[in-house]
Amino acid sequence: MKKTLISLSLIAALAPAMANAAGGYVGASLGQTNYEDLFTDEDKDAAASLGVSIDDEDTGLKLFGGANFNEFVSMEAHLATLGGVTIEGRGGNVEIETGTVGASLVGHLPLGDHFKLFGKFGVHFWNADMNTSSSSITFTDDGTDTFFGAGALYQMDKFSIRGEFERYTLDEIDVDFISVGLAYHF
């Protein structure tokens with residue numbers, strides 16, 4: 001809870017700077033998440049032989065907003081759900097869901113009037129909740145880690161379409177998020 005309040009305070013503090021910058025934007029992205037190296041293929045095969053299925057891919061959703069300081073640099077904040085991991089077996093199910101709030105510095109490489117490549121690096125606060133269907137056991141973990149990403153966007157007047165890859169670190173686990181998004185520029 002404390003880190004969520006800190007994250008929201010950070011976004012609130014950055015909001016006036018974003019609004020007064022050379023061009024702010026807000027948007028949303030939808031895509032697929034993959035929890036890298038949480039389970040190896042051997043782990044999944046061994047679990048399957050015991051009648052247990054492991055799904056470490058899910059749908060992710062991200063809301064974002066930013067400020068362009070010039071045509072090459074911007075600051076961006078996000079609030080995202082990185083989907084989760086589901087383990088299903090005869091004894092019940094285990095679901096782990098992860099959310100993140102963060103901020104990043106974004107570098108842009110304009111390629112013409114409408115097309116840009118971009119890369120980002122930032123810090124995020126994450127929270128993971130585990131629930132089981134067979135009992136009332138719940139577990140929560142959180143932390144602060146780095147993330148990075150790269151992508152491309154095509155801007156049409158007030159709107160842009162973007163595709164991007166992001167990798168979020170959650171302690172020792174990496175979560176890849178490949179998404180497509182739409183942004184409104186003001």
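- Between Arg90 and Gly51 the shortest heavy-atom distance is NH2-CA, 3.7 Å.
- Criterion: ILVMFWY side-chain heavy atoms under 4.5 Å apart, direct or through other members. Under it, Leu61 and Leu79 are not part of a common hydrophobic cluster.
- Distance check, rounded to the nearest 0.5 Å: OG1 of Thr132 to CD of Glu95 gives 10.0 Å.
- With a 4.5 Å cut-off on side-chain heavy atoms, Asp145 and Tyr168 do not count as touching.
- For the residue pair Ile96 and Ala128, the shortest heavy atom distance occurs at CG2-CB, 4.4 Å.
- In this structure, the salt bridge (charged side-chain N to carboxylate O under 4.0 Å, His left out) partners of Asp56, at least two apart in sequence or on a different chain, are Lys44.
- Connection of Tyr154 to Leu117 is established within a shared hydrophobic cluster, with ILVMFWY side chains joined at heavy-atom distances below 4.5 Å, either directly or through further cluster members.
- Rounding to the nearest 0.5 Å gives a distance of 11.0 Å between CG of Asn93 and CG of Asn131.
- Under 3.5 Å, the side chains of Tyr35 and Thr98 contain a donor-acceptor pair of N or O atoms.
- Checked against a 6.0 Å centroid threshold, the rings of Phe159 and Tyr184 count as neighbours.
- Phe118 is not listed as a side-chain neighbour of Ser74, based on a closest heavy-atom distance of 4.5 Å or more.
- The two residues Ala28 and Leu63 make their nearest non-hydrogen contact at CB-CD2, 3.8 Å.
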Run Asp58 and Glu97 through side-chain contact (heavy atoms from CB on, under 4.5 Å) and show every step you take.
CA-CA 10 Å; Asp58 203 355; Glu97 294 289 330; 4.1 Å; yes

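- In this structure, Phe115 and Ala152 approach most closely via the heavy-atom pair CZ-CB, 3.8 Å.
- Side chains of Asp142 and Phe125 form no contact here, defined as non-hydrogen atoms less than 4.5 Å apart.
- In this structure, Phe69 and Met75 approach most closely via the heavy-atom pair CE1-CB, 3.4 Å.
- Applying the salt bridge (charged side-chain N to carboxylate O under 4.0 Å, His left out) test to residues at least two apart or on different chains, the pairs with a partner in residues 106-120 are Glu76-Lys120, Lys120-Glu164, Lys120-Glu166.
- Between the side chain of Asp43 and the main chain of Thr40, a donor-acceptor pair closer than 3.5 Å is present.
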Distance-only donor-acceptor hits, side chain of residues 100-107, under 3.5 Å, sequence neighbours excluded:
from: Thr100; atom 1: OG1; to: His78; atom 2: NE2; distance (Å): 3.3
from: Thr100; atom 1: OG1; to: His124; atom 2: ND1; distance (Å): 2.7

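- Here the side chain of Thr33 pairs a donor or acceptor atom with the backbone of Leu82 at under 3.5 angstrom.
- Cluster annotation: Val175 and Phe148 are assigned to distinct hydrophobic clusters (Ile/Leu/Val/Met/Phe/Trp/Tyr, side-chain heavy-atom contacts under 4.5 Å, transitive).
- Within the 4.5 Å cutoff, the side chain of Glu88 has no heavy atoms near those of the Asp55 side chain.
- Met156 and Leu111 fall within a single hydrophobic cluster, where Ile, Leu, Val, Met, Phe, Trp and Tyr are joined by side-chain heavy atoms under 4.5 Å apart, directly or via other members.
- The line from CZ of Phe177 to CZ of Arg167 is 14.5 Å long, rounded to the nearest 0.5 Å.
- Leu153 is not connected to Tyr25 by any chain of hydrophobic side-chain contacts under 4.5 Å among Ile, Leu, Val, Met, Phe, Trp and Tyr, and they are in different clusters.
- The backbone N or O of Val73 lies less than 3.5 Å from no partner atom in the side chain of His108, so there is not a single donor-acceptor pair.
- For the pair Trp126/Asp171, a side-chain contact is recorded, criterion being any heavy-atom separation below 4.5 Å from C-beta on.
- In this structure, CG in Asp45 is found 13.0 Å from CZ in Phe39, a value given to the nearest 0.5 Å.
- Ile87 CD1 to Ile54 CD1: the interatomic distance, rounded to the nearest 0.5 Å, is 5.5 Å.
- How far CG of Asp157 is from NE2 of His114: 9.5 Å, rounded to the nearest 0.5 Å.
- Not one N or O on the side chain of Asn68 forms a donor-acceptor pair closer than 3.5 Å with the backbone of Glu71.
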